[in-house]
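Read through the structure below, which is laid out as structure tokens, and then see the notes.
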Amino acid sequence: MTLPASARPGTEPGTTKVLVVEDDPGVAAQLVRALTRGGYAVDQVSTGAAALSHGHPDVVLLDLGLPDTDGVQVCRQLRQRSQAAIIVVTAFGEESDRVSALDAGADDYLVKPFGLNELLARIRAVLRRIRPDGDVIRHGPLTVDLRTRKVLVDGAEVALTPKEFDILECLAADPGRVQSRTDILEAAWDANWYGPTKVLDVHMTSLRRKLGVAGLIETVYGHGFRLAETLAE
Ligand code: CA
């Protein structure tokens, strides 16, 4: 059987564009990496001027402390010219900036330092508000609801453990793309996993058995795992 193109109305993995506006190269690189791994198409700029002249992102992650312009001003101008969801990022203690940014049209805010899982959750939340069905990934017989964390196979609910769900979420974010063992471990066990990677195999075996669809999760030897783009007859 051939799987239809992965359907995630309005938010197909890899096609939701996130613009990171951040002038600190280290922070920017970390954000770009996390968002790319989360299945988003990511661009990054370092100034307010570049943010305002940049294409048509779906989500803008806007650091308010920019070298060239007032971040709140950038937020206001973005809101005037774009439908993008805007999440502003501020340093601890800049409460007045956050209030100004929300008044200027920001959809949400994050206070540094924040966890990457929190960032991804906030992005899903703003996308959900602008695209109510955007949190459901459909791929062949599989339906993954990221908000309720429910998984269906051919319409029947499959009960997964939290770890199994996290692994599946990582794979389903971009069907066909190989996720390395490290990427999956970092996604399911959070940023710094130094334990044995054998634990991943145990959960993967259990996940495959519960899903019960032969060939759905492919092992790519020496690389990692991926969700099959198409299934054999
Ligand atoms: Ca900054």
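Because the structure is a prediction, the values reported are computed rather than measured. When a ligand or atom number is given, it counts from 1 through the structure's own listing order. Because only heavy atoms are used, hydrogens play no part in the values below, and waters and symmetry mates are left out as well, while side chains stay in.
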> Under 4.0 Å between a Lys/Arg side-chain N and an Asp/Glu carboxylate O for Asp174 and Arg37?
Replying inline: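 A salt bridge is absent here (no side-chain N lies under 4.0 Å from a carboxylate O).
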>> Between Thr16 and Arg124, is there a side-chain donor-acceptor contact under 3.5 Å, judged purely by atom types and distance?
In response: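 No.
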Examine [X] and say whether one of its N/O/S atoms is closer to the Ca ion (ligand 1) than 3.0 Å.
X	value
Asp63	yes
Asp23	yes
Gly65	yes

> Can you list the steps and then say if Leu110 with Leu119 is a side chain to side chain contact (heavy atoms under 4.5 Å, CB included)?
Replying inline: CA-CA 8 Å; Leu110 282 162; Leu119 165 67; 3.6 Å; yes
>> As a quick check of understanding, evaluate side chain to side chain contact (heavy atoms under 4.5 Å, CB included) for Phe114 and Arg122, giving each step before the final call.
In response: CA-CA 11 Å; Phe114 53 84; Arg122 294 293 182 94; over 6 Å; no
